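The structure appears below as structure tokens.
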Amino acid sequence: MSVAQWGGASAIFLASAVEWVEAFTIVLAVALTIGWRRATGAAAAGLAVVALLIVLTGAGLEAAQADIARIRAAIGIFLLLFGLRWYVKAIRRYSGRTALHDEAREFAETCEQLERAEGRAAWVVAFKGVLLEGLEVWLLVVALGHTLSYAAAAGSAAASLAAVIVAGLALRTPLTRVPENTLKYLVACAILSFGSFWGLGGLAGEQAVWPLGDVTLLLLFAAYAVAGRIIAWRSRAAGSAAAGAQA
Amino acid sequence: MALACGRLGGGGGAGVSKLLQLIFGDLRNVTSVAVALLAAYGVSRLVPGAAGAALALLLIGAAALQAI
């Protein structure tokens, strides 16, 4: 496998894991309210919609005979939009400007909301939760599936789902020990790297703007990873200085 | 998660808007990417080898502005 293929498969697996953990937390909370049978039914319905989307999109991409440079540019721009959003969020969490995602708190809040809801509404929460987290996975499979093969990309997301389900069912508690922000940050750096490589390469010619080829992906990843941590560190220091001046 | 739990009910229009935001982020995010790409494309017309570095620097700068 090439650098791009390894990067794509790893990014899909890790990013999917983050989304599946969030979905699992919702389903767990709903299961404790309306029972495992109905909660898993709702989750399965949500997953079925996501699976259908993945299959339909895959068939559509196979059928499309568009110019490869245009496809790369479009996917690259989409990845930049998606990646920059995750990158900024992760930096803000590292710098303390946004609270770290807390699965235990989310779980408690969901349970509290569900206590006031009827069984049907709880089913909808599980369905929508899995569907929405699954939609992000679908977007990543569509975008990054281009690096390896569409089937391998979907397989990577499915393997990630299986890993989260096994871990979640073994523990039967929210998966609080997953270093979610670190995973999101690394995935954001990978997505930004692919987005930069394909977005600009598709628009201006890959060989002209990226003369080093696939190796550039590693350099871009390192640059985004280091720069993001510096931004977070400076942001945290600025926040501390402002707080100190006020005290 | 917040999206899933925050809507035991919820209109379709709001749902589409949230879905678009889920995919593309807010206006600042879209503007940042558009400006960075356009500027890098401009650089690629003059000095192709520097366009990639320009794009990375612009995106890092945009992230810094949004994060701080």
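Please read all numbers here as calculations on a predicted model, not as lab measurements.
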| Contacting region of A:F197 [heavy-atom separation from chain B under 4.5 Å] |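 Neither part, no heavy atoms under 4.5 Å.
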| task | With a 4.5 angstrom heavy-atom cut-off, could you sort out which part of A:L200 is near chain B: side chain, backbone, both or neither? | result |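 Backbone plus side chain of A:L200, per the 4.5 Å heavy-atom cut-off to chain B.
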| request: Nearest 0.5 Å please: distance from the OG atom of A:S196 over to the CG atom of B:L37. | output: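 That separation rounds to 8.0 Å.
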| task | Look up atom CD1 in B:I68 and atom CZ in A:R92, then write down how far apart they are to the nearest 0.5 Å. | result |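 Here the rounded value is 9.5 Å.
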How close do [X] and [Y] get, heavy atom to heavy atom, and via which atoms?
X: A:V209; Y: B:S44; value: CG1-CB, 3.8 Å
X: B:I60; Y: A:I231; value: O-CD1, 3.7 Å
X: A:W210; Y: B:G52; value: CH2-CA, 3.2 Å

| Where does B:R28 contact chain A at under 4.5 Å (heavy atoms): side chain, backbone, both or neither? |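 No part of B:R28 comes within 4.5 Å of chain A.
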| query | Is any side-chain heavy atom of B:Q66 closer than 4.5 Å to a side-chain heavy atom of A:I91? | reply |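 Not in contact.
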| Less than 4.5 Å apart, any side-chain heavy atom of A:Y224 and any of B:L59? |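 Counting from C-beta outward, A:Y224 and B:L59 do come under 4.5 Å.
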| query | Looking at B:A36, B:S32, B:A51, which makes the most heavy-atom pairs under 4.5 Å with chain A? | reply |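 Result: the option with the highest number of such pairs is B:A51.
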